[in-house]
Protein chains: 2
Amino acid sequence: MDMPVEERLGLAVKRAEQRLMAAKHAAVKTAGLTVPQYAALLALAANPGISAAALARECLVTPQAMTVVLKNLLEHGLIERAPHQWHRTMLETHLTDAGREALHTADAAAVVIERRIADAFSPDERDSLRDLLDRFTQAI
Amino acid sequence: MDMPVEERLGLAVKRAEQRLMAAKHAAVKTAGLTVPQYAALLALAANPGISAAALARECLVTPQAMTVVLKNLLEHGLIERAPHQWHRTMLETHLTDAGREALHTADAAAVVIERRIADAFSPDERDSLRDLLDRFTQAI
DNA sequence: ATCACGCTATCAAAGCTTTTATATCTATAA
DNA sequence: TTATAGATATAAAAGCTTTGATAGCGTGAT
(Lines give C-alpha, C1' and ligand atoms only; values in the text may rest on other atoms or scores of the structure.)
Protein backbone atom coordinates (compact mmCIF):
# COMPACT_ATOMS: atom_id res chain seq x y z
CA MET A 1 0.00 0.00 0.00
CA ASP A 2 2.96 2.30 -0.39
CA MET A 3 1.77 3.72 -3.70
CA PRO A 4 -0.54 6.73 -3.48
CA VAL A 5 -3.76 6.37 -5.46
CA GLU A 6 -3.36 2.80 -6.62
CA GLU A 7 -1.26 3.78 -9.61
CA ARG A 8 -1.62 7.19 -11.15
CA LEU A 9 -0.26 6.14 -14.52
CA GLY A 10 -2.25 2.93 -14.86
CA LEU A 11 -5.31 4.77 -13.68
CA ALA A 12 -5.00 7.41 -16.38
CA VAL A 13 -4.64 4.77 -19.06
CA LYS A 14 -7.60 2.84 -17.77
CA ARG A 15 -9.75 5.94 -17.61
CA ALA A 16 -8.84 6.92 -21.17
CA GLU A 17 -9.60 3.44 -22.45
CA GLN A 18 -12.86 3.32 -20.52
CA ARG A 19 -14.04 6.57 -22.06
CA LEU A 20 -12.93 5.48 -25.49
CA MET A 21 -14.83 2.22 -25.22
CA ALA A 22 -17.94 3.94 -23.89
CA ALA A 23 -17.92 6.38 -26.79
CA LYS A 24 -17.29 3.66 -29.34
CA HIS A 25 -19.96 1.50 -27.81
CA ALA A 26 -22.51 4.26 -28.22
CA ALA A 27 -21.29 4.93 -31.76
CA VAL A 28 -21.52 1.41 -33.15
CA LYS A 29 -24.75 0.82 -31.29
CA THR A 30 -26.42 3.02 -33.90
CA ALA A 31 -25.79 0.13 -36.31
CA GLY A 32 -27.02 -2.47 -33.82
CA LEU A 33 -23.49 -3.70 -33.15
CA THR A 34 -21.30 -4.17 -30.09
CA VAL A 35 -17.65 -3.12 -30.16
CA PRO A 36 -16.31 -6.68 -30.46
CA GLN A 37 -18.79 -7.34 -33.27
CA TYR A 38 -17.67 -4.18 -35.05
CA ALA A 39 -14.03 -5.18 -34.70
CA ALA A 40 -14.78 -8.62 -36.10
CA LEU A 41 -16.70 -7.26 -39.07
CA LEU A 42 -13.92 -4.77 -39.78
CA ALA A 43 -11.29 -7.50 -39.83
CA LEU A 44 -13.60 -9.72 -41.82
CA ALA A 45 -14.05 -7.08 -44.50
CA ALA A 46 -10.27 -6.86 -44.86
CA ASN A 47 -9.82 -10.65 -44.91
CA PRO A 48 -12.72 -12.35 -46.68
CA GLY A 49 -13.05 -16.05 -45.92
CA ILE A 50 -10.76 -15.91 -42.88
CA SER A 51 -11.18 -18.67 -40.28
CA ALA A 52 -12.55 -17.99 -36.81
CA ALA A 53 -9.24 -18.81 -35.18
CA ALA A 54 -7.33 -16.45 -37.47
CA LEU A 55 -9.93 -13.78 -36.90
CA ALA A 56 -9.48 -14.20 -33.17
CA ARG A 57 -5.75 -13.60 -33.50
CA GLU A 58 -6.41 -10.56 -35.67
CA CYS A 59 -8.73 -9.09 -33.05
CA LEU A 60 -6.51 -10.03 -30.09
CA VAL A 61 -9.07 -12.25 -28.39
CA THR A 62 -9.26 -15.98 -27.68
CA PRO A 63 -10.84 -18.32 -30.25
CA GLN A 64 -13.61 -19.10 -27.77
CA ALA A 65 -14.47 -15.44 -27.40
CA MET A 66 -14.54 -15.02 -31.16
CA THR A 67 -16.79 -18.06 -31.50
CA VAL A 68 -19.41 -16.38 -29.34
CA VAL A 69 -19.15 -13.12 -31.28
CA LEU A 70 -19.53 -14.95 -34.59
CA LYS A 71 -22.47 -16.92 -33.27
CA ASN A 72 -24.28 -13.69 -32.50
CA LEU A 73 -23.35 -12.14 -35.84
CA LEU A 74 -24.60 -15.27 -37.58
CA GLU A 75 -27.91 -15.17 -35.74
CA HIS A 76 -28.34 -11.57 -36.83
CA GLY A 77 -27.65 -12.50 -40.44
CA LEU A 78 -24.56 -10.31 -40.79
CA ILE A 79 -22.17 -13.10 -41.74
CA GLU A 80 -22.25 -16.49 -43.48
CA ARG A 81 -20.13 -19.52 -42.64
CA ALA A 82 -19.45 -22.47 -44.92
CA PRO A 83 -16.95 -25.34 -44.70
CA HIS A 84 -13.77 -24.91 -46.69
CA GLN A 85 -13.31 -27.14 -49.73
CA TRP A 86 -10.17 -29.04 -48.73
CA HIS A 87 -9.77 -28.29 -45.08
CA ARG A 88 -13.09 -29.62 -43.96
CA THR A 89 -12.02 -28.75 -40.45
CA MET A 90 -12.13 -25.09 -41.31
CA LEU A 91 -15.14 -22.80 -41.68
CA GLU A 92 -14.87 -19.90 -44.10
CA THR A 93 -16.62 -16.77 -42.90
CA HIS A 94 -17.94 -14.05 -45.20
CA LEU A 95 -19.88 -10.83 -44.77
CA THR A 96 -23.47 -10.73 -46.01
CA ASP A 97 -24.90 -7.63 -47.64
CA ALA A 98 -26.57 -6.79 -44.35
CA GLY A 99 -23.21 -7.19 -42.63
CA ARG A 100 -21.50 -4.85 -45.06
CA GLU A 101 -24.20 -2.29 -44.53
CA ALA A 102 -24.03 -2.51 -40.73
CA LEU A 103 -20.26 -2.20 -40.85
CA HIS A 104 -20.47 0.87 -43.05
CA THR A 105 -22.93 2.56 -40.72
CA ALA A 106 -20.92 1.70 -37.62
CA ASP A 107 -17.64 2.75 -39.17
CA ALA A 108 -18.95 6.17 -40.09
CA ALA A 109 -19.89 6.77 -36.47
CA ALA A 110 -16.61 5.36 -35.15
CA VAL A 111 -14.49 7.53 -37.42
CA VAL A 112 -16.13 10.62 -36.01
CA ILE A 113 -14.74 9.76 -32.60
CA GLU A 114 -11.27 9.01 -33.90
CA ARG A 115 -11.22 12.29 -35.76
CA ARG A 116 -12.26 14.17 -32.63
CA ILE A 117 -9.42 12.59 -30.71
CA ALA A 118 -6.87 13.18 -33.43
CA ASP A 119 -7.89 16.83 -33.70
CA ALA A 120 -7.18 17.37 -30.01
CA PHE A 121 -3.44 16.97 -30.60
CA SER A 122 -0.76 18.47 -32.78
CA PRO A 123 1.17 16.05 -35.01
CA ASP A 124 4.11 16.20 -32.61
CA GLU A 125 1.89 15.45 -29.66
CA ARG A 126 0.35 12.51 -31.45
CA ASP A 127 3.78 11.05 -32.06
CA SER A 128 4.77 11.72 -28.49
CA LEU A 129 1.68 10.07 -27.05
CA ARG A 130 2.05 7.06 -29.29
CA ASP A 131 5.69 6.70 -28.29
CA LEU A 132 4.97 6.97 -24.56
CA LEU A 133 2.13 4.46 -24.81
CA ASP A 134 4.33 2.02 -26.68
CA ARG A 135 6.94 2.27 -23.96
CA PHE A 136 4.22 1.87 -21.36
CA THR A 137 3.13 -1.33 -23.05
CA GLN A 138 6.69 -2.56 -23.36
CA ALA A 139 7.44 -1.91 -19.72
CA ILE A 140 4.81 -4.34 -18.52
CA MET B 1 -13.10 3.78 -43.98
CA ASP B 2 -10.94 6.81 -44.66
CA MET B 3 -8.82 6.33 -41.54
CA PRO B 4 -5.78 4.09 -41.92
CA VAL B 5 -5.56 1.34 -39.34
CA GLU B 6 -8.84 1.91 -37.57
CA GLU B 7 -7.42 4.59 -35.32
CA ARG B 8 -3.75 4.55 -34.44
CA LEU B 9 -4.20 6.58 -31.27
CA GLY B 10 -7.16 4.66 -29.89
CA LEU B 11 -5.43 1.44 -30.78
CA ALA B 12 -2.32 2.34 -28.81
CA VAL B 13 -4.39 3.19 -25.76
CA LYS B 14 -6.36 0.01 -26.02
CA ARG B 15 -3.25 -2.09 -26.36
CA ALA B 16 -1.65 -0.45 -23.34
CA GLU B 17 -4.76 -0.98 -21.25
CA GLN B 18 -5.06 -4.57 -22.43
CA ARG B 19 -1.52 -5.36 -21.39
CA LEU B 20 -1.98 -3.59 -18.09
CA MET B 21 -5.11 -5.55 -17.30
CA ALA B 22 -3.52 -8.83 -18.32
CA ALA B 23 -0.57 -8.18 -16.04
CA LYS B 24 -2.78 -7.11 -13.17
CA HIS B 25 -5.02 -10.06 -13.69
CA ALA B 26 -2.09 -12.41 -13.35
CA ALA B 27 -0.82 -10.48 -10.33
CA VAL B 28 -3.98 -10.51 -8.26
CA LYS B 29 -4.69 -14.08 -9.29
CA THR B 30 -1.91 -15.12 -6.91
CA ALA B 31 -4.32 -14.09 -4.15
CA GLY B 32 -7.27 -15.87 -5.76
CA LEU B 33 -8.85 -12.60 -6.83
CA THR B 34 -10.05 -11.07 -10.09
CA VAL B 35 -9.25 -7.45 -10.95
CA PRO B 36 -12.77 -6.18 -10.18
CA GLN B 37 -12.70 -8.07 -6.89
CA TYR B 38 -9.33 -6.53 -6.05
CA ALA B 39 -10.64 -3.07 -6.88
CA ALA B 40 -13.68 -3.63 -4.69
CA LEU B 41 -11.64 -4.88 -1.74
CA LEU B 42 -9.26 -1.93 -2.10
CA ALA B 43 -12.11 0.57 -2.00
CA LEU B 44 -13.72 -1.37 0.82
CA ALA B 45 -10.57 -1.19 2.92
CA ALA B 46 -10.55 2.58 2.50
CA ASN B 47 -14.28 2.92 3.25
CA PRO B 48 -15.39 0.37 5.87
CA GLY B 49 -19.14 -0.22 5.95
CA ILE B 50 -19.76 1.43 2.59
CA SER B 51 -22.96 0.41 0.76
CA ALA B 52 -22.91 -1.58 -2.45
CA ALA B 53 -24.26 1.33 -4.47
CA ALA B 54 -21.62 3.71 -3.12
CA LEU B 55 -18.94 1.12 -3.74
CA ALA B 56 -20.10 0.83 -7.33
CA ARG B 57 -19.72 4.58 -7.81
CA GLU B 58 -16.26 4.43 -6.25
CA CYS B 59 -15.19 1.69 -8.65
CA LEU B 60 -16.84 3.26 -11.70
CA VAL B 61 -19.18 0.35 -12.38
CA THR B 62 -22.96 -0.08 -12.24
CA PRO B 63 -24.63 -1.19 -8.99
CA GLN B 64 -25.68 -4.43 -10.67
CA ALA B 65 -22.13 -5.23 -11.67
CA MET B 66 -20.96 -4.55 -8.14
CA THR B 67 -23.70 -6.79 -6.74
CA VAL B 68 -22.29 -9.74 -8.68
CA VAL B 69 -18.75 -8.99 -7.55
CA LEU B 70 -19.87 -8.75 -3.92
CA LYS B 71 -21.85 -11.97 -4.24
CA ASN B 72 -18.70 -13.79 -5.29
CA LEU B 73 -16.58 -12.17 -2.59
CA LEU B 74 -19.22 -13.14 -0.03
CA GLU B 75 -19.25 -16.76 -1.20
CA HIS B 76 -15.48 -16.85 -0.79
CA GLY B 77 -15.75 -15.47 2.72
CA LEU B 78 -13.75 -12.32 2.03
CA ILE B 79 -16.46 -9.89 3.06
CA GLU B 80 -19.41 -9.72 5.44
CA ARG B 81 -22.69 -7.90 4.90
CA ALA B 82 -25.16 -6.87 7.57
CA PRO B 83 -28.17 -4.53 7.51
CA HIS B 84 -27.57 -1.02 8.75
CA GLN B 85 -29.15 0.02 12.04
CA TRP B 86 -31.48 2.80 10.95
CA HIS B 87 -31.45 2.41 7.19
CA ARG B 88 -32.77 -1.12 6.99
CA THR B 89 -32.68 -0.71 3.24
CA MET B 90 -28.93 -0.53 3.31
CA LEU B 91 -26.42 -3.34 3.73
CA GLU B 92 -23.14 -2.49 5.39
CA THR B 93 -20.20 -4.33 3.90
CA HIS B 94 -16.99 -5.08 5.79
CA LEU B 95 -13.80 -6.98 5.08
CA THR B 96 -13.22 -10.24 6.94
CA ASP B 97 -9.76 -11.21 8.15
CA ALA B 98 -9.46 -13.46 5.11
CA GLY B 99 -10.43 -10.54 2.92
CA ARG B 100 -7.80 -8.29 4.46
CA GLU B 101 -5.19 -10.97 3.93
CA ALA B 102 -6.15 -11.57 0.29
CA LEU B 103 -6.09 -7.85 -0.37
CA HIS B 104 -2.65 -7.50 1.17
CA THR B 105 -1.27 -10.34 -0.95
CA ALA B 106 -2.84 -9.02 -4.14
CA ASP B 107 -1.75 -5.47 -3.49
CA ALA B 108 1.86 -6.46 -3.05
CA ALA B 109 1.81 -8.12 -6.47
CA ALA B 110 -0.02 -5.21 -8.08
CA VAL B 111 2.42 -2.62 -6.75
CA VAL B 112 5.28 -4.50 -8.40
CA ILE B 113 3.70 -3.83 -11.78
CA GLU B 114 3.04 -0.18 -11.08
CA ARG B 115 6.60 0.29 -9.98
CA ARG B 116 7.90 -1.35 -13.14
CA ILE B 117 5.79 1.01 -15.23
CA ALA B 118 6.78 4.08 -13.25
CA ASP B 119 10.45 3.19 -13.53
CA ALA B 120 10.22 3.13 -17.32
CA PHE B 121 9.75 6.89 -17.42
CA SER B 122 11.49 9.99 -16.17
CA PRO B 123 9.47 12.30 -13.93
CA ASP B 124 8.97 14.69 -16.85
CA GLU B 125 7.79 11.90 -19.07
CA ARG B 126 5.35 10.72 -16.45
CA ASP B 127 3.85 14.19 -16.25
CA SER B 128 3.73 14.42 -20.02
CA LEU B 129 2.02 11.08 -20.43
CA ARG B 130 -0.50 11.86 -17.75
CA ASP B 131 -1.25 15.21 -19.36
CA LEU B 132 -1.69 13.75 -22.83
CA LEU B 133 -3.93 10.99 -21.52
CA ASP B 134 -6.07 13.48 -19.66
CA ARG B 135 -6.52 15.49 -22.84
CA PHE B 136 -7.28 12.28 -24.70
CA THR B 137 -10.02 11.52 -22.21
CA GLN B 138 -11.35 15.06 -22.37
CA ALA B 139 -11.48 15.04 -26.16
CA ILE B 140 -13.97 12.19 -26.27
C1' DA C 1 3.24 -45.68 -43.35
C1' DT C 2 2.94 -43.96 -38.83
C1' DC C 3 3.09 -40.90 -35.09
C1' DA C 4 3.40 -36.53 -33.08
C1' DC C 5 2.58 -31.81 -33.36
C1' DG C 6 -0.10 -27.97 -34.61
C1' DC C 7 -4.28 -25.84 -36.14
C1' DT C 8 -9.34 -25.91 -36.30
C1' DA C 9 -13.77 -26.07 -33.98
C1' DT C 10 -16.73 -26.64 -29.95
C1' DC C 11 -18.61 -27.54 -25.21
C1' DA C 12 -18.77 -26.28 -20.40
C1' DA C 13 -17.90 -23.59 -16.32
C1' DA C 14 -17.06 -19.27 -14.06
C1' DG C 15 -17.01 -14.23 -14.07
C1' DC C 16 -17.83 -9.50 -15.32
C1' DT C 17 -20.96 -5.91 -17.41
C1' DT C 18 -24.89 -3.50 -19.19
C1' DT C 19 -29.78 -2.44 -19.82
C1' DT C 20 -34.34 -2.84 -18.20
C1' DA C 21 -37.54 -3.44 -14.59
C1' DT C 22 -39.29 -4.06 -9.55
C1' DA C 23 -39.78 -3.18 -4.85
C1' DT C 24 -38.71 -0.85 -0.57
C1' DC C 25 -37.29 2.71 2.38
C1' DT C 26 -35.97 7.58 3.58
C1' DA C 27 -36.41 12.27 3.35
C1' DT C 28 -38.24 16.37 1.80
C1' DA C 29 -41.96 19.20 -0.05
C1' DA C 30 -46.79 20.37 -0.61
C1' DT D 1 -50.34 13.65 6.14
C1' DT D 2 -49.62 12.59 1.67
C1' DA D 3 -46.89 12.71 -2.36
C1' DT D 4 -42.80 12.94 -4.77
C1' DA D 5 -38.03 12.38 -5.36
C1' DG D 6 -33.77 9.95 -4.28
C1' DA D 7 -31.26 6.00 -2.80
C1' DT D 8 -30.87 0.99 -2.12
C1' DA D 9 -31.25 -3.77 -3.35
C1' DT D 10 -32.36 -7.46 -6.62
C1' DA D 11 -33.78 -10.10 -10.70
C1' DA D 12 -33.64 -11.27 -15.63
C1' DA D 13 -31.81 -11.07 -20.18
C1' DA D 14 -28.07 -10.51 -23.35
C1' DG D 15 -23.07 -10.29 -24.35
C1' DC D 16 -18.19 -10.69 -23.85
C1' DT D 17 -14.07 -13.27 -21.97
C1' DT D 18 -11.14 -16.70 -19.94
C1' DT D 19 -9.51 -21.32 -18.68
C1' DG D 20 -9.90 -26.18 -19.29
C1' DA D 21 -11.04 -30.11 -22.03
C1' DT D 22 -12.40 -32.83 -26.20
C1' DA D 23 -11.99 -34.11 -31.05
C1' DG D 24 -10.95 -34.02 -36.13
C1' DC D 25 -7.76 -32.97 -39.83
C1' DG D 26 -3.21 -32.02 -42.06
C1' DT D 27 1.82 -31.84 -42.31
C1' DG D 28 6.28 -33.29 -41.49
C1' DA D 29 9.70 -36.15 -39.24
C1' DT D 30 10.94 -40.81 -38.37
Side-chain angles (χ1 to χ4, degrees), chain A residues 14 17-19 21-41 47 49-76 78-79 81-93, chain B residues 14 17-41 43 47 49-76 78-79 81-93:
Chain A
K14 186 181 294 188
E17 196 270 350
Q18 207 163 24
R19 276 289 186 84
M21 289 306 281
K24 282 218 167 170
H25 185 272
V28 301
K29 194 179 176 183
T30 62
L33 297 177
T34 66
V35 173
Q37 287 172 352
Y38 164 65
L41 290 183
N47 307 275
I50 193 174
S51 76
L55 194 56
R57 284 191 294 273
E58 193 81 11
C59 294
L60 301 175
V61 302
T62 61
Q64 290 90 330
M66 184 52 69
T67 297
V68 177
V69 173
L70 290 181
K71 180 174 71 66
N72 288 316
L73 287 174
L74 193 57
E75 286 171 359
H76 291 166
L78 303 183
I79 60 172
R81 306 189 72 186
H84 186 101
Q85 293 292 0
W86 313 333
H87 299 283
R88 290 215 309 280
T89 179
M90 196 189 285
L91 288 178
E92 282 190 338
T93 305
Chain B
K14 186 181 295 188
E17 197 269 350
Q18 207 162 24
R19 276 288 187 86
L20 173 66
M21 289 306 281
K24 281 219 168 169
H25 185 271
V28 300
K29 193 179 176 183
T30 63
L33 298 177
T34 66
V35 173
Q37 287 171 352
Y38 164 64
L41 288 183
N47 307 275
I50 192 175
S51 74
L55 194 56
R57 285 191 293 272
E58 193 81 11
C59 294
L60 302 175
V61 301
T62 61
Q64 291 88 334
M66 183 52 69
T67 297
V68 176
V69 173
L70 290 180
K71 180 174 70 64
N72 289 315
L73 287 173
L74 194 58
E75 286 172 359
H76 291 166
L78 303 183
I79 60 172
R81 307 189 71 186
H84 186 102
Q85 295 292 1
W86 337 117
H87 298 285
R88 288 216 310 281
T89 178
M90 196 189 288
L91 288 179
E92 281 190 337
T93 305

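Lettering follows sequence order; numbering is per chain, from 1. Here the structure is a predicted model, which is why all the values come from computation and not from measurement.
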Round to a whole Å and report the spacing from [atom1] of [X] to [atom2] of [N].
| X | N | atom1 | atom2 | result |
| --- | --- | --- | --- | --- |
| Ile50(B) | dA7(D) | CD1 | C1' | 14 Å |
| Arg57(A) | dC7(C) | CZ | P | 7 Å |
| Lys24(A) | dC16(D) | NZ | P | 16 Å |
| Leu41(A) | dC16(D) | CG | P | 11 Å |
| Gln64(A) | dG15(C) | CD | P | 17 Å |
| Leu74(A) | dA14(D) | CG | C1' | 17 Å |
| His76(B) | dC16(C) | NE2 | C1' | 14 Å |
| Met66(A) | dC11(C) | CE | P | 17 Å |

Between Pro63(B) and Thr34(A), the residue closer to the 5' end of DNA chain D by nearest nucleotide is Pro63(B)
Over all strands shown, is [X] touching base, sugar-phosphate only, or nothing at heavy-atom distances under 4.0 angstrom?
| X | answer |
| --- | --- |
| Val69(B) | sugar-phosphate |
| Gln37(B) | sugar-phosphate |
| Thr62(A) | base |
| Ala54(B) | nothing |
| Ala53(A) | sugar-phosphate |

Nearest-nucleotide wise, let me know which of Arg81(A) and Gln18(A) is further upstream toward the 5' end of DNA chain C.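 Nearest-nucleotide comparison on DNA chain C picks Arg81(A).
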Minimum side-chain heavy-atom gap Ile79(B)-Leu41(B) below 4.5 Å: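 They are in contact (side-chain heavy atoms under 4.5 Å apart), so the answer is yes.
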Check [X] against [Y] and note the closest heavy-atom contact, atom names and distance.
| X | Y | answer |
| --- | --- | --- |
| Cys59(A) | Ala39(A) | SG-O, 3.8 Å |
| Ala52(A) | Met66(A) | O-CG, 3.6 Å |
| Ala40(B) | Leu73(B) | CB-CD1, 4.2 Å |

Shortest side-chain distance from [X], nucleotide among [options]:
| X | options | value |
| --- | --- | --- |
| Thr67(B) | dT18(C), dT10(D), dT17(D) | dT10(D) |
| Leu91(B) | dC16(C), dA9(D), dA9(C) | dA9(D) |
| Val68(A) | dC16(C), dA9(C), dC16(D) | dC16(D) |

Rounded to the nearest 0.5 Å, how far does CZ of Arg81(B) lie from CG of Leu74(B)? 7.0 Å
Given dA14(C), is OP1 or OP2 found less than 4.0 Å from the side-chain N or O atoms of Asn72(B)?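 Result: no.
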